[in-house]
Amino acid sequence: MKLFITFEGIDGCGKTTQLHLLQDYLTRKGEKVTLIREPGGTKLSETIRQILLNSKESINYLTELFLFESARAELTEKVILPALNRNEIVLCDRFYDSTTAYQGYGRMIDISKIEVLNKLATNGLEPDITFYLRIPLEIAKERTKSKSLDRMESADIEFYKRVINGFDEIYEKEKHRIVKIDATNNIDSVHQSILVYIHNRLNI
Ligand code: TMP
């Protein structure tokens with residue numbers, strides 16, 4: 001089945017765990033699934049990821065934006081579009097909503113310019129379904145507190161408040177494709193909420 005599903009939310013929302021659970025479920029149902037993450041998914045995009053997350057040097061906000069979009073352009077052209085053309089389900093850990101939320105709302109770069117770059121990098125490709133796993137900041141911070149934080153995760157509380165507000169606003173504007181899930185619940189009940197939606201919408 002040709003389908004493009006993305007997962008979004010702030011760091012610590014549990015989306016990577018949920019992506020793997022959904023991949024297992026869909027594979028058991030006989031679907032061919034390609035699972036990838038952003039930034040990443042190709043050799044070059046993983047190299048860009050290393051720079052973005054591990055650089056000890058400060059990165060100018062526009063440079064950061066262009067690096068995320070560069071990684072996305074590579075991934076879209078080399079992995080996502082070919083997999084969709086093979087009629088596979090593509091599950092992507094983040095996509096352009098993250099750029100709107102983090103670089104637009106978080107770093108406060110003009111959203112309308114970001115939208116232009118998002119369209120350019122993806123050649124206009126939109127997810128069919130986006131699961132937005134929403135958790136309050138306090139819970140996210142609690143979940144990530146024992147982890148060593150990367151360059152993005154080390155941003156301050158005010159930045160993260162703006163990112164959450166960003167995801168909430170994107171959801172309000174894009175309800176036709178975004179499904180908001182309360183991700184404060186345990187792993188299994190979040191997974192079940194996702195499956196209910198998948199079952200109702202796709203009958204699988
Ligand atoms: P991950 O930890 O969920 O793999 O995501 C990598 C980090 O990069 C995370 O802190 C969110 C951030 N990010 C952006 O700031 N902009 C983007 O466009 C993407 C895809 C991720």
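We use all heavy atoms of the structure for the numbers below, so side chains are in, but hydrogens, waters and symmetry mates are not. When a ligand or atom number is given, it counts from 1 through the structure's own listing order.
- In terms of protein heavy-atom proximity, atom 14 (C) of ligand 1 is closest to F68 CZ, 3.1 Å.
- The closest approach between R37 and ligand 1 stays at or above 4.0 Å for every heavy atom of the residue.
- Close contacts of ligand 1 with Q103, meaning ligand atoms under 4.0 Å from a residue heavy atom, involve 14 (C), 15 (O), 16 (N), 17 (C), 18 (O).
- For atom 9 (C) of ligand 1, the closest non-hydrogen atom of the protein is D11 OD2, 3.2 Å.
- Nearest protein neighbour of atom 5 (O) of ligand 1, counting heavy atoms only, is R94 NE, 3.1 Å.
- Using a non-hydrogen distance threshold of 4.0 Å, L52 does not register as a contact of ligand 1.
- Side chains of D97 and Y171: a donor-acceptor N/O pair is absent below 3.5 angstrom, by distance only.
- When each atom of ligand 1 is checked for a heavy atom of K15 under 4.0 Å away, the hits are 3 (O).
- Residue R72 places a heavy atom under 4.0 Å from ligand 1.
- In terms of protein heavy-atom proximity, atom 4 (O) of ligand 1 is closest to R49 NH2, 2.8 Å.
- Protein heavy atom in closest approach to atom 7 (C) of ligand 1: L53 CD2, 3.8 Å.
- Taking the six-membered ring for Trp, F95 and F4 have ring centres closer than 6.0 Å.
- A cation-pi arrangement is absent between R107 and Y102, since the terminal nitrogen or guanidinium carbon is not both under 6.0 Å from the aromatic centre and inside a 45° cone about the axis.
- Listed by atom number, the atoms of ligand 1 under 4.0 Å from T99 heavy atoms are 17 (C), 18 (O).
- Side-chain contact, E88 with T34: a donor N or O sits under 3.5 Å from an acceptor N or O.
- E153 places a side-chain N or O within 3.5 Å of a backbone atom of D150 that can act as its donor or acceptor partner.
- Defined by atom type and a distance below 3.5 Å, a donor-acceptor pair is present between the side-chain atoms of S98 and E8.
- Side-chain contact between L65 and Y61 is absent, with no heavy atoms from C-beta onward closer than 4.5 Å.
- Remark: D24 pairs with no residue by the side chain to side chain donor-acceptor pair (under 3.5 Å) rule, at least two apart or across chains.
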